[in-house]
Amino acid sequence: MISHITLGTNDYERASAFYDSVLKPLGMTRVPKPPGKPPLYAKDDQIPFLYIYKPIDGRPATWGNGTHVAFKAESREAVDEFYVEALANGGADEGAPGLREHYGPNYYAAYVRDPDGNKLQAVCYE
């Protein structure tokens, strides 16, 4: 249903360091691309892809209020590691790992913001 998601950045190097660390516990890695190309992430090099781009119009990247991307985690430990890596790599806390029973009895999630302010979530349904 989804081909890809694009998040904006103002600094490719900073964003790459953040996403390399944060997505690893979720089984996502950077897809090799020629030098100078924006970072691209995937699980097993398959869609859906996550692209990190500077805006085409040249204006600064900004985040959307009320918008976030949720990544599926295979375990609660992966959610915890996602959160720890985010905070260790320039991210900000938006909700520590824990059960969110108002979404469901097994809905275990953590929320962070990347260094550009994009809101991210890791969620495990187990």
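Contact of the Glu85 side chain with the Asp20 side chain is not registered, since no non-hydrogen atoms from C-beta on lie closer than 4.5 Å. At a threshold of 4.5 Å between non-hydrogen side-chain atoms, the residues Ile52 and Pro38 do not count as touching. Side-chain contact check for Phe82 versus Leu120: some heavy-atom pair is nearer than 4.5 Å. Counting heavy atoms from C-beta outward, Leu50 and Phe71 have side chains that approach closer than 4.5 Å. Within the 4.5 Å cutoff, no side-chain heavy atoms of Val31 are placed close to those of Tyr41. In this structure the side chain of Tyr108 reaches within 4.5 angstrom of the side chain of Pro97, judged on heavy atoms. Taking the side chain as every heavy atom from C-beta outward, Glu77 and Val79 never approach each other to under 4.5 Å.
The stretch residues 117-126 participates, sequence neighbours left out, in these side-chain hydrogen bond (donor to acceptor under 3.5 Å, both in side chains) pairs: His68-Gln121, Tyr107-Gln121, Tyr111-Gln121, Asp114-Asn118.
Rounding to the nearest 0.5 Å gives a distance of 14.0 Å between CG of Asn106 and CZ of Arg100. Note: Asn10 CG to Asp116 CG = 5.0 Å, rounded to the nearest 0.5 Å. Atom CG of residue Asn89 and atom OH of residue Tyr19 lie 12.0 Å apart, to the nearest 0.5 angstrom. The structure places CG of Leu23 at 10.5 Å from CZ of Arg30, a figure rounded to the nearest 0.5 Å. Met28 contributes atom CE, which lies 13.0 Å from atom NZ of Lys72 (distance to the nearest 0.5 angstrom). For the atom pair CG of Leu87 and CG of Asp93, the computed distance is 6.0 Å after rounding to the nearest 0.5 Å.
Looking at residues two or more places apart in sequence or on another chain, you find no side-chain hydrogen bond (donor to acceptor under 3.5 Å, both in side chains) involving Asp11.
Tracing side-chain contacts under 4.5 Å through hydrophobic residues (I, L, V, M, F, W, Y), one reaches Val112 starting from Leu7; they form part of the same cluster. Phe49 is not connected to Ile2 by any chain of hydrophobic side-chain contacts under 4.5 Å among Ile, Leu, Val, Met, Phe, Trp and Tyr, and they are in different clusters. Clustering ILVMFWY residues whenever any of their side-chain heavy atoms sit less than 4.5 angstrom apart, transitively, puts Tyr12 in a cluster other than the one holding Phe18. Connection of Val69 to Tyr53 is not established within any shared hydrophobic cluster, with ILVMFWY side chains joined at heavy-atom distances below 4.5 Å, either directly or through further cluster members.
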Kindly list each side-chain donor-acceptor pair under 3.5 angstrom involving residues 54-64, sequence neighbours excluded, with atom names and distances?
from  : atom 1 : to    : atom 2 : distance (Å)
Asp57 : OD1    : Arg59 : N      : 2.9

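The shortest non-hydrogen separation linking Ala73 to Leu26 is CB-CD2, 3.6 Å.
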